[in-house]
Amino acid sequence: MKFMKLGSKPDAFQTDGDKIRYVATELATDIAVNVGDVKFYLHKFPLLSKSARLQKLVALSNEENSDEIHILDIPGGAAAFEICAKFCYGMIVTLNAYNVIAARCAAEYLEMYETIEKGNLIYKIEVFLNSSIFRSWKDSIIVLQTTKSLLPWSEELKVVSHCLDSIATKCCIDTSKVEWSYTYNRKKLPSENGDDSHWNGVRTQKVVPKDWWVEDLCELQVDLYKRVISTIKTRGRISGDVLGEALKAYASRRLPGFSKGMVQGGDIAKNRLLVDTIVQLLPSGKGEVSCNFFLKLLKAVILLDCGEMGRIELMKRIGQQLDEATVADLLVRAPAGETTIYDVDMVQSLVEEFVTQVQDVHTDLHMENEYHEIRSPKFVSDASKLMVAKLVDGYLAEVSRDPNLPISKFIRLAESVSSFSRPSHDGLYRAIDMYLKEHPGISKSERKKICRLMDCRKLSPDACLHAVQNERLPLRVVVQVLFFEQMRASAASAGDSTPDLPSSIRALLPGGGSHGSSRSTTTNAEDDWDAIPTIDEIRALKGELAALKLGNGDVTKNNAEKVSGNKMKGMLISKKIFSKLWSNKDRNGEISSSETSESPGSSNAEETKSSTPSRSQRHSIS
């Protein structure tokens, strides 16, 4: 820390209690100066030789035949006045970053100008500020902090603006020119620590990180911090990602629990002001701030009930970078009064914002092709869409544990990303299975709707094996899974032929029915296929799948004949099991026709709550 000593005489100021200060000399004091509630017994001559204001006050007191004057509004109070008084006596005074601005403002109040005496206090302080304080990184920050209690004097004397300029200039300087000390406790690169390997035995110069200044500025109060960051941004020399890192560090330092996605304790009004300020200071470029930081800010905005504009802005920014988020980031508690645990509606809005961005890109590309203009729209890659689809699948699997989650919200959120092509539906299957597990009382119609969200053709072999044994799935879905698993086994055995299944079974498969034919299946038949499979059906289908895997597991390049045999065996077994299932239903009078077809949009069976009978086996991937 820089400091400056003024004067040469020893300090002769003494204290008599907390409220009285006097100069211990052989010469009796001749004036009493009241500064607030502290009384100074001093001598007129040294004071009047350097202060124009004291000259006026003493002249006024003489007219009133009084040897006492009152100073009530001097900036810096009694401590700052004492520094000025000691300077008038020529006593030793030490100025540093903590007291120099108070002394400067007090000297201005006392009018200690060069016109009164050459080399007066104002001049000496200005020299010290410009030659030392404003050239020091940490002293500039300390001085800026002291200006707050000295307003409006510090503002009018342009001390604040000088501090801001000094700090911003240093933040924007080339890192190779940073020669002063700074605080940096975060993880550094080896090169930043100076621990990188030597080249030809010569130690390379220590590298200063681009965000070297971030932690020191966290010491500032929010109003001063806002002014510093705004000044830095106007310079245009600091990248948005560094500014984003600075705001993240400040939020983590100033908001208890922020790094954990919450706000614990503290003054609510101050915390609200801090969050609103950070949102206002966010850089505007996409990718300059991490999605994780955006989501933590959004959680803080919700918890502190901040302004609606900040919430809307954050949700828009998050929607643009939703592919960077994790499931844990999205688990935001629902507002008070909601029945659900998590705020699913908020996530729905974020996904819709991302979808809107995708649609805007497609519109821009269409316009570009139509008018042959040169445009550069924000590109949303297929990889980003796939990441968002997987994110939604994982999120649904987590929130499905909530027994109060309405199925309508589940379906709506899942359908928001249904247009995003993804090679596997295992994540969606896991979410659906979790929902069915936690909501056993939903109706057949609801069970059918939720299962329609997934494409059985995109389930992995492991997921297919689980699905065939899953008692929570409707029989229609189980049959579809088994059929597509057989098709996959047949294709792997070097053939593309489809098993010769009864038309009644094909009607259960996507696209298997004739959309132009009349509906011949009764409501009871629909209910039966949408019902939960019995234990005998589960065992039969499980055995069928095992037979398929056994037949497919012996494939080698040199046993094509065996492969063909296994393939035909699997097809015959599959046809036999399907026919058996169908004939059992037909004999029980549950099906009135051997052929069914269902058109999209056909009416569902009457919604009745299904009850799952107790079974000896239950399976779940959750």
Side-chain angles (χ1 to χ4, degrees), residues 327 331 339-342 344 347-348 389-390 392-418 422 424-485 508-510 526-539 541-542 545 604-622:
V327 173
L331 295 177
T339 58
T340 57
I341 299 176
Y342 298 107
V344 181
V347 176
Q348 178 71 43
K390 289 183 176 180
V392 171
D393 291 346
Y395 178 78
L396 287 172
E398 288 297 322
V399 299
S400 292
R401 303 174 191 271
D402 181 3
N404 294 323
L405 178 66
I407 191 171
S408 58
K409 291 189 176 183
F410 183 104
I411 293 175
R412 183 185 175 199
L413 184 55
E415 288 178 342
S416 299
V417 294
S418 60
R422 49 194 191 270
S424 173
H425 274 206
D426 284 12
L428 182 56
Y429 168 65
R430 180 176 180 271
I432 293 173
D433 182 49
M434 179 59 67
Y435 191 89
L436 295 177
K437 177 182 178 182
E438 298 297 332
H439 303 77
I442 65 174
S443 67
K444 293 179 180 180
S445 175
E446 291 173 331
R447 194 179 299 269
K448 182 177 180 180
K449 286 179 181 178
I450 197 172
C451 288
R452 278 178 173 175
L453 294 170
M454 68 176 174
D455 186 346
C456 298
R457 290 167 292 191
K458 294 187 177 182
L459 296 181
S460 67
D462 289 338
C464 287
L465 179 61
H466 182 278
V468 170
Q469 304 173 68
N470 193 340
E471 300 175 350
R472 291 182 284 273
L473 296 179
L475 183 59
R476 176 190 300 273
V477 177
V478 176
V479 171
Q480 289 178 7
V481 170
L482 183 58
F483 174 74
F484 291 123
E485 181 65 13
L508 300 174
L509 307 175
E526 280 296 312
D527 287 346
D528 195 60
W529 280 110
D530 291 331
I532 299 173
T534 64
I535 190 65
D536 292 335
E537 292 167 344
I538 289 288
R539 288 174 179 172
L541 293 172
K542 182 177 178 181
L545 188 61
N604 295 323
E606 180 182 357
E607 294 192 8
T608 57
K609 298 293 182 179
S610 63
S611 58
T612 305
S614 173
R615 296 195 174 95
S616 59
Q617 295 180 355
R618 297 194 69 86
H619 301 273
S620 175
I621 59 173
S622 55

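Owing to the predicted nature of the structure, the values given are computational and were not obtained by experimental measurement.
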Rounded distance (nearest 0.5 Å) linking atom [atom1] of [X] with atom [atom2] of [Y]:
{"X": "Ile450", "Y": "Ser408", "atom1": "CD1", "atom2": "OG", "value": "10.5 Å"}
{"X": "Met434", "Y": "Tyr429", "atom1": "CE", "atom2": "OH", "value": "11.0 Å"}
{"X": "Ile407", "Y": "Ser400", "atom1": "CD1", "atom2": "OG", "value": "9.5 Å"}
{"X": "Ser424", "Y": "Asp455", "atom1": "OG", "atom2": "CG", "value": "10.5 Å"}
{"X": "Gln480", "Y": "Met454", "atom1": "CD", "atom2": "CE", "value": "8.0 Å"}

Pairwise side-chain contact, [X] with [Y], heavy-atom cut-off 4.5 Å (strictly under):
{"X": "Val399", "Y": "Lys409", "answer": "no"}
{"X": "Leu436", "Y": "Cys451", "answer": "yes"}
{"X": "Pro474", "Y": "Lys448", "answer": "no"}

Which residues pass the ring pair (Phe, Tyr, Trp, His ring centres under 6.0 Å) test with His439, sequence neighbours left out?
Tyr435

Where [X] and [Y] come nearest, the two heavy atoms and their spacing:
{"X": "Tyr395", "Y": "Val344", "value": "OH-CA, 3.6 Å"}
{"X": "Pro440", "Y": "Arg447", "value": "O-NH2, 3.5 Å"}
{"X": "Lys449", "Y": "Ile411", "value": "CB-CD1, 3.9 Å"}
{"X": "Ala431", "Y": "Asp393", "value": "CB-O, 3.7 Å"}
{"X": "Leu453", "Y": "Ile432", "value": "CB-CD1, 4.2 Å"}
{"X": "Ile442", "Y": "Glu446", "value": "CB-OE1, 3.3 Å"}

Please identify each residue that fulfils salt bridge (charged side-chain N to carboxylate O under 4.0 Å, His left out) with Lys390, with sequence neighbours left out.
none

Could you tell me whether Asp433 and Arg472 have a side-chain N and a carboxylate O separated by less than 4.0 Å?
yes

Please determine whether side-chain contact (heavy atoms from CB on, under 4.5 Å) holds for the pair Leu405 and Glu438, giving the CA-CA distance in whole Å, both sets of side-chain angles, and the decisive distance to 0.1 Å.
CA-CA 10 Å; Leu405 178 66; Glu438 298 297 332; over 6 Å; no

The criterion is side-chain contact (heavy atoms from CB on, under 4.5 Å); which residues satisfy it with Glu398, sequence neighbours excluded?
Val327, Leu331, Arg401

Just by modelled atom types, is the [Y] backbone N or O under 3.5 Å from a matching donor or acceptor in the [X] side chain?
{"X": "Asp402", "Y": "Thr340", "result": "no"}
{"X": "His425", "Y": "Lys458", "result": "no"}
{"X": "Ser418", "Y": "Ala414", "result": "no"}

